Amino acid sequence: MAERSTAAVDVADNSDDTSLTAKADQSTADGVAKNRERDTDSDEVQESTRTDGPGTTSPPELHSGHKLARRYRLEECVTRLDGFSSWRAVDEKLRRAVGVHILPADHSRARSVLAAARSSALLGDPRFVQVLDAVEENDLVYVVHEWLPDATELTPLLASGPLEPYDAYQMVSQISSAMAAAHREGLAHLRLNPNAVLRTSTGQWRIRGLAVNAALRGVTTETPQRTDTEAIGALLYAALTQRWPYESDAYGLAGLPKDIGLIAPDQVRAGVHRGLSELSMRALVNDGATASRHESPCTTPEELVKAIGEMPRIRPPEPAFTAPPEYQRTTYQQGTYGRQAPRLGATQPVPTPPPPLQSRTGKALKWAVSALLIAALGLGSWQLADALMDQGGKNEEPGPTQTSDGNDKSPKKPASGKPISISGARDFDPFGDQTEKPSDVEKVYDGSTASYWQTDYYLSSDFGRLKSGVGIILDLGKVQQVGKVKVTFIGDTSVELRSASADAGSEPTSFDAYTKVADGSGTTVELKPKSLKSRYLLVWLTELPTQDDGQWRGRVADIKVTS
């Protein structure tokens, strides 16, 4: 059930239409129950949208084992509703799990679904669950998308309680940034809810069903940016309070009490981060009645991204270290195994040492050892004298004369740089969602190349054309003379070394505050700036290698700084 719930696409609707409910509760020919994911959008959420009437065509009769394009083998039906069905399938060509939406070619929404799927596939943003194929074949239209067995929906995450402030901040930051990028390309979601938001095992938040879910259900609106922005506000509200910000219950969450209106999250639950509480109100409220009454509402994802950027950065919680258990002595120590432990207070006999070698054999052995030592000393002395004589003979050979006055000094080898300890580091993603695997940053200076920090995966070596790079900011503790920075990668990687001004009183947060001082590429790169004094260094990755899984991802195993 965990895999099914995290990879299926949220396309069902919990409407009052009893005929649709009856269809949803039926079973397919393979005996799998339908409509495992029932959407429970409230009227308040959907009041600005329009849902077209359901298609008159019945869903195609398919079963487990059926193959599409001689490639996609259907495994399990997860949704059958309103003329279409959604399946977990296997791509036999690439040997991986995929998800498939199927509807008849003469379905009233078949053309809009194909158009939405192809537009979503062209976006190619890794923050969205990718559309892999969109085909019309044999009177069927089907859309193939990624299947993420290691991801978890926001719905079950909230079932165990509200998110921590750092997790909620990461969620709203990444989702807002992703939706802003989609709207710049003319794409909207319109069905952004807890079932459409996934958190992967690496902590990345991803969105599924961009444009496709709304097309499958016939949802349209004249204000797509406002609709998606308010949906993000509702997600943040739910993440902070474990309540749905409307009167009706939805997604396993209780709604707000009736007749009190929309109240700020920090008034619903104690301990809510005030900045995040105000942010959710700015996204939810249209008339400017925000939590503080001083900030304007956010009506587009772009405005929401700007508002998040103006907030103080929320740091991840410090890891809790548990003290190791106290060492317990046992009787299985050297020399005691198999013996009975001595009783306390009892006097133990002291073992008598063995007698010296007084026998005839012992005396002979001592004389032999003494003779060997004398012979070794004599041989060593002879070799030392011979070496000194050879050196003296070489000095008498003619050659360039050397003065021995005290003013002549022989050239000395330049002293190797002293290591500079790294007092701290953090991930730096100014052109993306502001975060890039922050929990693993300390691995770049733990002294081991077996552990590493890695970026998110991208669709090309140039970060999928989404950004110019990502990096790690190093804090050296104080302004120091930097001679060399050695970076060890897994895979050939292009990198730049950038530094903040020595006059910087605190860590700069803007990319423009770091000046390029060296660059290089390879698996082990030595970056040698000229006459550099700084406290804050930026190791900036500009081109990523392909890893064993076929994805472009940067991995930094070790960073060493020397003077």
Side-chain angles (χ1 to χ4, degrees), residues 2-12 35-37 39 59-60 62 66-69 71-82 84-103 107 109-137 140-154 175 178-179 181-182 185 187-193 195-200 204-217 219 457-459 464 549-551:
E3 178 176 318
R4 180 183 309 120
S5 63
T6 58
V9 174
D10 169 41
V11 292
N35 196 21
R36 287 210 171 90
E37 291 183 352
D39 192 355
L62 301 172
H66 184 89
K67 285 187 181 181
L68 300 173
R71 175 177 179 177
Y72 304 110
R73 186 180 74 249
L74 303 182
E75 292 287 321
E76 182 181 12
C77 183
V78 293
T79 299
R80 185 185 293 272
L81 184 69
D82 201 14
F84 66 87
S85 58
S86 299
W87 294 75
R88 176 176 62 84
V90 174
D91 183 349
E92 294 186 336
K93 183 176 181 180
L94 298 180
R95 297 182 180 180
R96 62 179 179 180
V98 294
V100 183
H101 302 306
I102 307 174
L103 66 165
H107 194 284
R109 295 192 287 269
R111 297 285 164 254
S112 60
V113 169
L114 271 178
R118 289 167 179 170
S119 299
S120 179
L122 290 175
L123 180 62
D125 192 322
R127 293 170 292 191
F128 295 92
V129 174
Q130 298 294 298
V131 172
L132 306 175
D133 208 351
V135 181
E136 180 179 358
E137 182 183 58
L140 290 178
V141 168
Y142 56 90
V143 177
V144 183
H145 61 87
E146 282 184 296
W147 187 275
L148 304 177
D150 65 335
T152 306
E153 293 176 0
L154 181 59
I175 292 177
M179 290 308 305
E185 300 298 327
L187 294 173
H189 197 291
L190 305 186
R191 290 180 66 78
L192 198 56
N193 53 53
N195 290 337
V197 176
L198 311 173
R199 185 172 69 180
T200 66
Q204 180 186 12
W205 293 89
R206 300 186 67 179
I207 303 171
R208 68 182 175 198
L210 177 67
V212 176
N213 282 9
L216 284 168
R217 299 298 296 134
V219 177
Y457 74 85
Y458 296 89
L459 299 180
D549 55 5
Q551 298 172 343

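Note that the structure is predicted; figures quoted are calculated from it, not measured.
The nearest pair of heavy atoms linking Val135 to Leu114 is N-CD2, 3.9 Å. Of all heavy-atom pairs spanning Leu459 and Gly124, the tightest one is CD1-O, 2.9 Å. The nearest pair of heavy atoms linking Ala117 to Val212 is CA-CG2, 3.7 Å. Contact detail for His101 and Ser86: the closest heavy-atom pair is ND1-OG, 2.8 Å. For the pair Leu148 and Leu198, the tightest heavy-atom approach, listed with the atom from each and the gap, is CD1-CD1, 3.8 Å. Contact detail for Ala196 and Arg191: the closest heavy-atom pair is CB-O, 3.9 Å.
For the atom pair OH of Tyr72 and OH of Tyr142, the computed distance is 7.0 Å after rounding to the nearest 0.5 Å. Note that CD of Glu185 and CG of Leu122 are 9.5 Å apart. Values are rounded to the nearest 0.5 Å. Note that the CG atom of Asn213 and the CD1 atom of Ile207 stand 11.5 Å from one another [nearest 0.5 Å]. Atom CD of Glu146 is separated from atom CZ of Arg208 by 12.0 Å, given to the nearest 0.5 angstrom. In this structure, CG in Leu210 is found 9.5 Å from CG in Leu192, a value given to the nearest 0.5 Å.
Looking only at side-chain heavy atoms (C-beta outward), Trp87 and Leu62 come within less than 4.5 Å of each other. Contact annotation: the side chain of Glu136 approaches that of Arg111 to within less than 4.5 Å [non-hydrogen atoms, C-beta and beyond]. Looking only at side-chain heavy atoms (C-beta outward), Trp205 and Leu154 come within less than 4.5 Å of each other. Using a 4.5 Å heavy-atom cutoff, the side chains of Arg109 and Asp82 are in contact.
Between the side chain of Ser120 and the backbone N or O of Ala116 there is no donor-acceptor pair closer than 3.5 Å. A donor-acceptor distance shorter than 3.5 angstrom exists from the side chain of Arg206 to the backbone of Pro126, with no hydrogens or angles considered. A donor-acceptor contact shorter than 3.5 Å is absent between the side chain of Gln130 and the backbone of His145.
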side-chain contact (heavy atoms from CB on, under 4.5 Å), that's the test. Do Ile102 and Leu68 meet it? Break it down for me.
CA-CA 10 Å; Ile102 307 174; Leu68 300 173; 3.8 Å; yes
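Here the rule is salt bridge (Lys or Arg N to Asp or Glu O under 4.0 Å) with Asp91, and of Arg73, Arg71, Lys67 only Arg71 fits it.
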